[in-house]
Amino acid sequence: MTAPESTSLPEARRELFETKRVAPSVLSADFSRLGEQVEMVMEAGARVIHFDVMDGHFVPPITVGPLVCSAISGQVHAAGGAMDVHLMIERPEDQIEAFAEAGADCITIHAEATAHASRTLSAIRDLGCLAGLALNPGTQVETLEELGDSVDLVLCMTVNPGWGGQPFIESSPGKVERLGAVAGDAVIEVDGGISADTAGTISAAGAGVFVAGSAIFGADDPAAAYRSIAEAAGAE
Ligand code: DX5
Ligand code: ZN
């Protein structure tokens, strides 16, 4: 991963994305006690907290915005972690500044959601964040080739975006391998259907960050679930 010249992202937080790591998605957490849920997974070892933003347009559901991001980002940073913000919204260029101010460390936009992916990725770096590009299951790997120099993290959706708890798309490891061939220094993140059963194969294919929502927060013992997925992925 190449550090952008204008970055203000602390090196320790940047480095969190460079080691294999499970990123709990708070989409499946109990939002009535969000701080406690974040504390629980961080005590289990998590350092990257995945934050899903949906606008009711790019995907049907509406979730949360900068206000909730800022409500937990201080806690996450104080515990040595980073906020991984996944924008499933149309025209993400209009919202990146608000999320940077709300404590985002990595901001990921969808290639399908903007006509201006290149400009928006550069603007994310200028805001001092890592720039992520997400690809839907139906989006070609070649999309990354045109934008590679602007991307710190490529998010390969391993379900169709919009909902937690969907089954892992079985062809995903092949796509991750093909992304790896064109990703350069960018880290490959996978999101959707990641569990102790699926993490090993996708890790072997080259994924570095493993987002898991329902497999962690839907488990009887989320800390144990986190550790078993990390073990299956060969992650920290
Ligand atoms: C879905 C979101 C995911 C979601 C994954 O569109 O981007 O981050 O939380 O949920 P699971 O791990 O349950 O598939
Ligand atoms: Zn996500």
Side-chain angles (χ1 to χ4, degrees), residues 17 21-31 34 37-38 41 44 46 48-65 68-69 72 76 82-90 92 95-96 99 104-113 124 129-139 153-173 175-176 187-203 207-220 222 224-230 232-233 235:
F17 291 85
R21 198 170 288 285
V22 174
S25 165
V26 294
L27 183 66
S28 292
D30 176 352
F31 272 76
L34 188 54
Q37 301 259 282
V38 168
V41 291
V48 173
I49 300 296
H50 187 81
F51 189 85
D52 289 301
V53 181
M54 306 187 193
D55 66 351
H57 292 276
F58 180 66
V59 290
I62 297 174
T63 58
V64 286
V68 179
C69 183
I72 59 170
V76 170
M83 289 295 294
D84 178 32
V85 173
H86 176 193
L87 298 182
M88 286 163 275
I89 64 174
E90 287 175 8
Q95 302 297 331
I96 55 176
F99 280 99
D105 297 293
C106 180
I107 300 179
T108 296
I109 62 165
H110 268 265
E112 309 84 4
I124 291 170
C129 300
L130 296 177
L133 181 72
L135 304 181
N136 279 340
T139 301
L153 175 146
V154 55
L155 197 177
C156 178
M157 289 303 304
T158 46
V159 298
N160 283 294
W163 300 269
Q166 302 179 79
F168 179 78
I169 296 173
E170 295 296 336
S171 58
S172 301
K175 186 170 185 182
V176 165
V187 169
I188 300 177
E189 179 176 56
V190 286
D191 185 3
I194 303 299
S195 67
D197 293 335
T198 56
T201 325
I202 203 82
S203 178
V209 180
F210 308 84
V211 176
S214 56
I216 293 177
F217 290 106
D220 291 340
Y226 168 85
R227 287 191 289 267
S228 69
I229 299 168

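No hydrogens, no waters, no symmetry mates; every other heavy atom, side chains included, goes into these values. Atoms within each ligand, like the ligands themselves, are counted from 1 in listed order.
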Determine yes or no for a side-chain-to-main-chain donor-acceptor pair under 3.5 angstrom, with Asp55 supplying the side chain and His57 the backbone. yes

Only counting residues at least two apart or in another chain, list the ones meeting side chain to side chain donor-acceptor pair (under 3.5 Å) with Thr139. Glu112

Measuring only between side-chain heavy atoms, which start at C-beta, is Thr63 closer than 4.5 Å to Phe31? no

Closest non-hydrogen protein atom to atom 11 (P) of ligand 1, residue and atom name please, with distance? Gly165 N, 3.7 Å

Contact between Phe217 and Val41 at the side-chain level, heavy atoms closer than 4.5 Å - yes or no? yes

Distance check, rounded to the nearest 0.5 Å: Lys175 atom NZ versus Ile202 atom CD1? 10.5 Å

Here the atoms of ligand 1 under 4.0 Å from any heavy atom belonging to Pro161 are 6 (O)

Minimum-distance protein heavy atom relative to atom 14 (O) of ligand 1: Gly193 N, 2.8 Å

Among non-hydrogen protein atoms, atom 2 (C) of ligand 1 lies closest to Asp52 OD1, 3.5 Å

Tell me, which protein N/O/S atoms are under 2.8 Å away from the Zn ion (ligand 2)? His50 NE2, Asp52 OD1, His86 ND1, Asp191 OD2

Counting each atom of ligand 1 from 1 as listed, which ones have a heavy atom of Ala212 under 4.0 Å away? 12 (O)

Using a strict 4.0 Å cut-off to heavy atoms of Ser214, name the atoms of ligand 1 that fall inside it. 11 (P), 12 (O), 13 (O)

Number the atoms of ligand 1 from 1 as they appear, then name those within less than 4.0 Å of a heavy atom of Gly164, with their elements. 10 (O), 13 (O)

Whether the side chain of Asp30 engages the backbone of Gln37 through a donor-acceptor N/O pair (distance < 3.5 Å, no angle test) should be reported. no

From the options Gly218, Ala215, Ser25, Gly213, select the one whose nearest heavy atom is closest to atom 9 (O) of ligand 1. Ser25

Asp191 touching ligand 1 at heavy-atom level, < 4.0 angstrom: yes

Do Ile96 and Leu87 come within less than 4.5 Å of each other through their side chains, counting heavy atoms only? yes

Considering only heavy atoms of Met88, which atoms of ligand 1 have at least one such atom less than 4.0 Å away? 6 (O), 7 (O)

Which of the atoms of ligand 1 are close to Gly192, meaning less than 4.0 Å from one of its heavy atoms? 14 (O)

Of all residues at least two apart in sequence or in a different chain, which pass the salt bridge (Lys or Arg N to Asp or Glu O under 4.0 Å) check with Asp105? Arg13

Need the ligand 1 atom indices (1-based, order shown) with element for anything under 4.0 Å from a heavy-atom of His86. 7 (O)

Taking the side chain as every heavy atom from C-beta outward, state whether His110 and His86 have any atom pair closer than 4.5 Å. yes

Distance-only, no hydrogens or angles: does the Ser28 side chain make a donor-acceptor pair with backbone N or O of Ser214 under 3.5 Å? yes

Could you check whether Asp52 and His50, counting side-chain N and O atoms only, form a donor-acceptor pair closer than 3.5 Å? yes

Identify each donor-acceptor pair in which a side-chain atom of residues 155-162 lies under 3.5 Å from a protein atom, sequence neighbours left out, and give them as a table.
{"residue": "Thr158", "atom": "OG1", "partner": "Asp191", "partner atom": "N", "Å": "3.4"}
{"residue": "Thr158", "atom": "OG1", "partner": "Asp191", "partner atom": "O", "Å": "3.0"}
{"residue": "Thr158", "atom": "OG1", "partner": "Gly192", "partner atom": "N", "Å": "3.3"}
{"residue": "Thr158", "atom": "OG1", "partner": "Gly192", "partner atom": "O", "Å": "2.7"}

Only heavy atoms of Val211, strictly under 4.0 Å: list the atoms of ligand 1 that pass. 8 (O)

Nearest-contact summary for atom 6 (O) of ligand 1 - protein heavy atom, Å: Gly162 N, 2.8 Å

Could you check atom 1 (C) of ligand 1 against the protein and tell me its nearest heavy-atom contact, residue, atom and distance included? Trp163 O, 3.6 Å

Got Phe168 and Val190 here, is their nearest side-chain heavy-atom distance under 4.5 Å? no

